[in-house]
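Structure first, commentary second.
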Amino acid sequence: MTIFSPVSCLTAVPLVGSMAVLTIGGKNNKVARGLALSFTFFALAMVLILWHWFNPALGGLQFEEVHTWIPTLGVQYHVGIDGLGLLMLLLSAIVTPMAIAASSQIRESVALYLSLILMLEAGLFGTFTALNFFHWFLFWELSLIPAFFLIRLWGGSQRATASNQFFLYTMVGSVALLLAFLAIFLCTGKFDFMDLAELARSGGLLPSLASALDWHGFTVQRAALVLCFGVFLGFAVKVPLVPFHTWLPAAYAEAPSGTTMLLTGTMSKMGVYGFLRILLPIFFVQLRSVRTPLLWLAVATIVLSAYAAMAQTDLKRIFAYSSINHLGYCMLGIFSVLGFAGNRPGVANEQAAAMNGVFLQMFNHGITAATLFWFVALLEKRTGGLRGLNDFGGLRKVAPVFCGLMGIALFSSLGLPGLNGFVGEFLIFKGTFPLATWASSVSVLGLLLTAVFILTILQRVFSGPLRERWSQMPDLTAGERLALLPVIALMFVLGVYPQLVVGVVNSTAMQMVQQLRF
């Protein structure tokens with residue numbers, strides 16, 4: 001534990017950038033874009049330095065910083081990262097400049113738009129590094145505010161409805177989360193996630209609840225389950241899990257594409273991260289007691305969202321439902337490790353495989369989904385905003401590079417071996433089949449349905465006769481190809497050499513599994 005941590009500096013970088021873009025680049029769009037990209041690349045460089053300094057063999061928290069903040073309320077400034085936190089920082093640092101690059105069509109109030117994106121990045125960094133609820137919740141809510149205004153001010157024709165839905169759903173989840181943690185604090189006097197997790201592992205959480213909660217004859221187990229559900233709701237809305245997902249398609253479709261990239265690439269991972277960092281360690285016993293219903297929710301999230309994607313004709317809505325589907329695999333992996341393992345040989349390895357798969361799926365989906373929405377933005381730029389399946393056909397004849405690169409991203413989303421999307425899903429199913437066979441077997445339907453709508457896009461947008469109106473559609477420019485090249489290369493690198501990520505996060509996954517075996 002250090003007195004000063006580079007993690008705090010990292011969180012401050014986009015906040016400083018947000019103010020600089022508003023004050024210096026307020027009247028010049030080129031200056032504003034240049035400043036915003038400079039700060040995001042600087043943040044990415046800092047994350048890569050942390051990646052280099054990080055010791056993957058330790059597994060626990062590193063770069064910790066603890067300061068007393070409000071001692072009478074048990075509030076500390078406590079930050080730190082393990083393999084999971086570091087991976088989410090890297091994802092956020094990669095997707096943010098991608099989102100700015102995809103926002104070239106924004107022409108009004110450009111400085112304000114870019115400033116809000118940087119503020120959102122700061123919220124993401126804070127969420128993935130804060131370890132005290134009070135401190136963490138500030139960043140959790142900080143990310144909501146700029147996202148709301150990015151949708152409301154620069155979205156499509158239905159942006160008012162979509163932004164209101166987004167705000168109301170996430171606020172309901174946040175209120176439930178806040179009330180649950182206030183009750184926990186009243187019972188335990190603790191806000192620190194690590195302290196609460198240790199209290200749960202030592203068996204001290206239920207006695208603390210029993211001594212402080214007396215809810216009209218509720219047993220302490222039921223009271224704990226109510227608190228667990230409050231925290232669960234906050235994260236389930238953010239992921240989102242079915243049936244808490246209905247805000248997402250409209251928000252993704254109406255938001256400007258750069259904002260959609262941030263919503264799907266990073267903000268959805270805040271919910272999964274919350275399950276892993278907060279809910280699972282503190283309420284493991286309560287989650288285990290409702291494991292079967294949770295597995296059904298994961299299966300429904302995977303299968304129903306993939307089925308819904310097949311019924312869409314708007315590319316953004318297809319990828320929105322696809323995003324729900326892919327994050328459903330993460331939830332399947334998380335809920336599968338809830339089973340009582342006892343001393344059965346090999347179970348810990350399967351749990352670790354599932355957990356590693358969840359980590360990889362979070363990162364790979366963030367990269368792939370953001371890239372797909374970037375391609376939608378490029379398509380809209382060339383077609384005056386059109387993005388329907390029925391609007392195109394035969395584009396590979398006039399834009400072969402565009403179709404080829406987007407095809408790689410589509411096959412990555414499909415989980416084609418050799419690309420990054422395959423490895424995470426493979427590890428999740430490898431781990432979950434022995435742990436939750438029935439749930440894994442039904443969830444395989446999601447893979448089949450995903451193949452159907454991905455191949456439908458390839459057929460109806462890229463193949464077939466070319467419409468006359470698109471005969472002069474330009475292919476990707478040299479600058480666009482150069483911008484897309486790193487992320488496309490990353491898909492191949494992680495598909496062929498996933499150890500680049502697994503080697504960093506495996507010890508964290510193993511430690512999480514070991515801490516849950518009680």
Could you pull out every donor-acceptor pair under 3.5 Å between side chains of residues 168-182 and any protein atom, sequence neighbours left out?
from   : atom 1 : to     : atom 2 : distance (Å)
Tyr169 : OH     : Thr246 : OG1    : 2.4
Thr170 : OG1    : Phe166 : O      : 2.6
Thr170 : OG1    : Phe167 : O      : 3.1
Ser174 : OG     : Trp140 : NE1    : 3.2
Ser174 : OG     : Glu141 : OE2    : 2.6
Ser174 : OG     : Thr170 : O      : 2.9

Is the count of non-hydrogen atoms from other residues, nucleotides or ligands lying under 6.0 Å from [X] atom [atom1] greater than 12?
X: Tyr77; atom1: OH; answer: yes
X: Phe193; atom1: CZ; answer: yes
X: Phe54; atom1: CZ; answer: yes
X: Phe422; atom1: CZ; answer: yes
X: Trp51; atom1: CH2; answer: yes

For a 4.5 angstrom cut-off between non-hydrogen side-chain atoms, does [X] reach [Y]?
X: Phe453; Y: Thr450; answer: yes
X: Thr260; Y: Phe319; answer: no
X: Leu58; Y: Asn55; answer: yes
X: Val347; Y: Glu350; answer: no
X: His245; Y: Ser305; answer: no
X: Leu61; Y: Ile81; answer: no
X: Leu447; Y: Glu425; answer: yes
X: Tyr252; Y: Leu263; answer: yes

By the definition side-chain contact (heavy atoms from CB on, under 4.5 Å), identify the one residue from Phe185, Phe133, Phe191 that meets it with Val75.
Phe191

Just one of Leu48, Ile367, Leu50 clears the side-chain contact (heavy atoms from CB on, under 4.5 Å) bar with Leu90, so which one?
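With Leu90 as partner, Leu48, Ile367, Leu50 yield a single side-chain contact (heavy atoms from CB on, under 4.5 Å), made by Leu48.
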
Measure the spacing between [atom1] of [X] and [atom2] of [Y] and express it to the nearest 0.5 Å.
X: Leu142; Y: Leu120; atom1: CG; atom2: CG; value: 8.0 Å
X: Met491; Y: Asn364; atom1: CE; atom2: CG; value: 9.0 Å
X: Leu44; Y: Phe42; atom1: CG; atom2: CZ; value: 11.5 Å
X: Arg277; Y: Leu84; atom1: CZ; atom2: CG; value: 5.5 Å
X: Leu116; Y: Phe149; atom1: CG; atom2: CZ; value: 8.0 Å
X: His135; Y: His67; atom1: NE2; atom2: NE2; value: 10.5 Å

May I ask you to decide if [Y]'s main-chain N or O and [X]'s side chain share a donor-acceptor pair within less than 3.5 Å?
X: Asn325; Y: Ile302; answer: yes
X: Thr301; Y: Gly328; answer: no
X: Arg288; Y: Leu338; answer: yes
X: His365; Y: Gln361; answer: no
X: Ser268; Y: Thr264; answer: yes
X: Tyr273; Y: Phe128; answer: yes
X: Asp195; Y: Lys190; answer: no
X: Ser115; Y: Ser18; answer: yes
X: Arg291; Y: Ser336; answer: yes
X: Thr266; Y: Ser92; answer: no

For this output row, return yes or no: ring centroids of Trp69 and Phe134 closer than 6.0 angstrom.
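Trp69 vs Phe134: aromatic centres under 6.0 Å.
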
Could you walk me through whether Ser8 and Glu65 pass the side chain to side chain donor-acceptor pair (under 3.5 Å) test, one step at a time?
CA-CA 8 Å; Ser8 296; Glu65 183 180 352; 2.6 Å; yes

Closest contact, heavy atoms only, [X] versus [Y]:
X: Arg317; Y: Ala250; result: NH2-CA, 3.9 Å
X: Leu287; Y: Leu280; result: CD1-CD1, 3.9 Å
X: Pro6; Y: Phe63; result: CG-CD2, 4.2 Å
X: Leu131; Y: Gly80; result: CD1-N, 3.8 Å
X: Ala320; Y: Leu248; result: O-CD2, 3.4 Å
X: Gly258; Y: Ala99; result: O-CB, 3.3 Å

When the ring planes of Trp438 and Trp296 are compared, do they come out parallel, tilted or perpendicular, using 30° and 60° as the limits?
tilted

Geometric class of the Phe429/Phe433 ring pair [parallel <30°, tilted 30-60°, perpendicular >60°]:
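Ring orientation, 0 to 90° scale: tilted.
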
Once side-chain hydrogen bond (donor to acceptor under 3.5 Å, both in side chains) is applied, do any residues pair with Ser440, and if so which ones, sequence neighbours excluded?
Thr432

Any chance the side chains of [X] and [Y] put a donor and an acceptor closer than 3.5 Å?
X: Ser413; Y: Thr368; result: no
X: Thr508; Y: Asp82; result: no
X: Gln76; Y: Thr68; result: no

Given the rule in the side-chain contact (heavy atoms from CB on, under 4.5 Å) test, do Ile334 and Met331 qualify, once you have shown the distances and angles that lead to the verdict?
CA-CA 5 Å; Ile334 292 171; Met331 305 317 299; 4.2 Å; yes

Glu121 and Val13: CA distance, side-chain angles, deciding distance, side-chain contact (heavy atoms from CB on, under 4.5 Å) verdict
CA-CA 9 Å; Glu121 183 180 36; Val13 166; over 6 Å; no

Please tabulate, for side-chain N and O atoms in residues 224-240, each donor-acceptor pair with protein atoms closer than 3.5 Å (sequence neighbours left out).
none

Given the rule in the side-chain contact (heavy atoms from CB on, under 4.5 Å) test, do Leu118 and Thr40 qualify, once you have shown the distances and angles that lead to the verdict?
CA-CA 8 Å; Leu118 288 169; Thr40 58; 3.6 Å; yes

Please assess His78 against Met194 for the test side-chain contact (heavy atoms from CB on, under 4.5 Å), listing each intermediate value before the final yes or no.
CA-CA 10 Å; His78 184 189; Met194 301 299 107; 4.3 Å; yes

